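Working notes, structure below.
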Amino acid sequence: MSIIENEIWIDKDIDSVFDITNQIERWKDLFQEYQESTVLSTEGNRIRFRLTKHPDKEGNTKSWISERFIHKENYTCEAIRLYPKFPFVIMYIYWEYKPLNNGTLMKWVQKFKTDVKCQLTEKQ
């Protein structure tokens, strides 16, 4: 399994950053790679949603459904890709938010394993 860690400091309070970045329907506006971000269902702290990327050079779009579990009490989230999983066997993401220097440090860790049929290796 491969792991990628990312973090960004945002000049805004933790509650605002947490709330805004967990409004899935806004992801198409927050993250350039998504053409659409649609909430399919919400139950308690679980959100099931569909993400669709912008078309590639050949006009093909990729879309998948994931679930996100939001834990505002400790400013963390967990997400797992449900289907289609390809090009992964598993894709799990853990998000953590911490107040830092009058702003918020947002960190996310992706743990994944690529499918053997995928043309890219985990390292790539």
Side-chain angles (χ1 to χ4, degrees):
M1 186 162 303
S2 294
I3 298 173
I4 298 174
E5 295 185 27
N6 296 288
E7 65 181 34
I8 186 169
W9 180 82
I10 301 168
D11 187 14
K12 200 149 187 80
D13 66 279
I14 191 169
D15 285 310
S16 295
V17 172
F18 190 87
D19 291 344
I20 289 168
T21 59
N22 282 291
Q23 293 173 7
I24 305 298
E25 61 278 359
R26 292 182 68 183
W27 281 16
K28 65 182 182 222
D29 302 318
L30 295 174
F31 306 109
Q32 295 176 4
E33 65 263 33
Y34 301 129
Q35 178 178 340
E36 290 295 327
S37 50
T38 307
V39 172
L40 303 174
S41 67
T42 303
E43 185 178 317
N45 71 333
R46 181 189 61 82
I47 299 173
R48 184 172 283 201
F49 58 98
R50 178 184 300 109
L51 294 175
T52 303
K53 295 189 96 169
H54 291 283
D56 64 16
K57 293 178 232 172
E58 290 80 37
N60 301 313
T61 58
K62 293 182 181 171
S63 184
W64 63 92
I65 293 175
S66 293
E67 279 188 340
R68 186 171 180 90
F69 297 88
I70 299 172
H71 308 286
K72 185 151 187 184
E73 66 278 3
N74 61 3
Y75 297 102
T76 63
C77 300
E78 303 162 83
I80 189 161
R81 185 167 168 157
L82 298 177
Y83 53 86
K85 290 184 180 180
F86 189 82
F88 305 103
V89 173
I90 188 163
M91 169 58 87
Y92 169 83
I93 306 173
Y94 176 79
W95 299 62
E96 179 179 74
Y97 301 71
K98 292 186 176 181
L100 180 67
N101 299 330
N102 296 318
T104 302
L105 181 67
M106 184 174 74
K107 183 177 185 177
W108 62 102
V109 179
Q110 297 169 283
K111 295 181 181 181
F112 63 94
K113 181 163 182 51
T114 54
D115 191 296
V116 293
K117 297 176 194 136
C118 181
Q119 294 179 359
L120 299 174
T121 65
E122 286 181 24
K123 187 174 183 176
Q124 290 171 313

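Owing to the predicted nature of the structure, the values given are computational and were not obtained by experimental measurement.
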Inset, instruction - Determine the interplanar angle of the Trp27 and Tyr34 rings, folded into 0 to 90°, and report it as parallel if under 30°, tilted if 30 to 60°, perpendicular if over 60°. - result: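 It falls in the parallel class, under 30°.
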Next item on the list: Sequence neighbours left out, what passes ring-ring contact (aromatic ring centres under 6.0 Å, His included) with Phe18? Give chain and number order.
Entry: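 For Phe18, the residues satisfying ring-ring contact (aromatic ring centres under 6.0 Å, His included) (neighbours in sequence not counted) are Tyr75, Tyr97.
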For this session: May I ask you to test the Ile4-Asn6 pair for a side-chain heavy-atom distance under 4.5 Å?
Result: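 Touching, per the 4.5 Å side-chain cut-off.
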Inset, instruction - Check whether any side-chain heavy atom of Gln35 lies under 4.5 Å from a side-chain heavy atom of Pro55, and answer yes or no. - result: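 Touching, per the 4.5 Å side-chain cut-off.
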Legend entry - side chain to side chain contact (heavy atoms under 4.5 Å, CB included) partners of Arg46, counting only residues at least two apart: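 Arg46: side chain to side chain contact (heavy atoms under 4.5 Å, CB included) contacts with Ser41, Glu43, Arg48, Glu67, Phe69.
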task: Go through the structure and list residues passing salt bridge (charged side-chain N to carboxylate O under 4.0 Å, His left out) with Asp15, not counting sequence neighbours.
output: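 Lys72.
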(message) Glu58: which residues meet the salt bridge (charged side-chain N to carboxylate O under 4.0 Å, His left out) condition with it, sequence neighbours left out?
(response)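 Testing Glu58 for salt bridge (charged side-chain N to carboxylate O under 4.0 Å, His left out), a comparison that skips the adjacent residues, returns none.
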[X] and [Y]: which non-hydrogen atoms are nearest, and at how many Å?
X: Ile47; Y: Val39; result: CG2-CG1, 4.0 Å
X: Ile93; Y: Gln110; result: CG1-CG, 3.8 Å
X: Leu51; Y: Ser37; result: CD2-CB, 3.7 Å
X: Asp13; Y: Ser16; result: OD1-OG, 2.8 Å

Exercise. Among all residues two or more places apart in sequence or in another chain, which pass the side-chain hydrogen bond (donor to acceptor under 3.5 Å, both in side chains) test with Thr61?
Worked result: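 Applying side-chain hydrogen bond (donor to acceptor under 3.5 Å, both in side chains) to Thr61 gives none.
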From [X] [atom1] over to [Y] [atom2], what is the distance, rounded to the nearest 0.5 angstrom?
X: Lys28; Y: Thr52; atom1: NZ; atom2: OG1; result: 10.5 Å
X: Lys113; Y: Ser2; atom1: NZ; atom2: OG; result: 8.0 Å
X: Lys53; Y: Gln32; atom1: NZ; atom2: CD; result: 11.5 Å
X: Arg26; Y: Ile20; atom1: CZ; atom2: CD1; result: 5.0 Å
X: Arg68; Y: Thr42; atom1: CZ; atom2: OG1; result: 12.5 Å
X: Met1; Y: Phe112; atom1: CE; atom2: CZ; result: 9.5 Å

So with a 6.0 Å cut-off around CG of Asn102, is the heavy-atom count from everything else above 12?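 Counting neighbours around CG of Asn102, 12 or fewer heavy atoms of other residues, nucleotides or ligands fall under 6.0 Å, so no.
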Against Trp108, only a single residue in Phe31, Trp95, Tyr94 fulfils ring-ring contact (aromatic ring centres under 6.0 Å, His included); can you say which?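 One option only clears the test, and that one is Trp95.
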Indicate every side-chain donor-acceptor pair of residues 80-92 with a distance under 3.5 Å to a residue at least two apart or in another chain.
residue : atom : partner : partner atom : Å
Arg81   : NE   : Pro84   : O            : 2.8
Arg81   : NH2  : Pro84   : O            : 3.2
Arg81   : NH2  : Phe86   : O            : 3.1
Tyr92   : OH   : Glu78   : OE1          : 3.4

Q: Quick one: do Glu5 and Lys107 satisfy salt bridge (charged side-chain N to carboxylate O under 4.0 Å, His left out)? Show the steps, please.
A: CA-CA 7 Å; Glu5 295 185 27; Lys107 183 177 185 177; 3.8 Å; yes
Exercise for review: Please report the C-alpha distance between Lys12 and Thr104 in whole Å, then the side-chain angles of each, then the deciding distance to 0.1 Å, and finally whether the side-chain contact (heavy atoms from CB on, under 4.5 Å) criterion is met.
Suggested key: CA-CA 6 Å; Lys12 200 149 187 80; Thr104 302; 5.5 Å; no
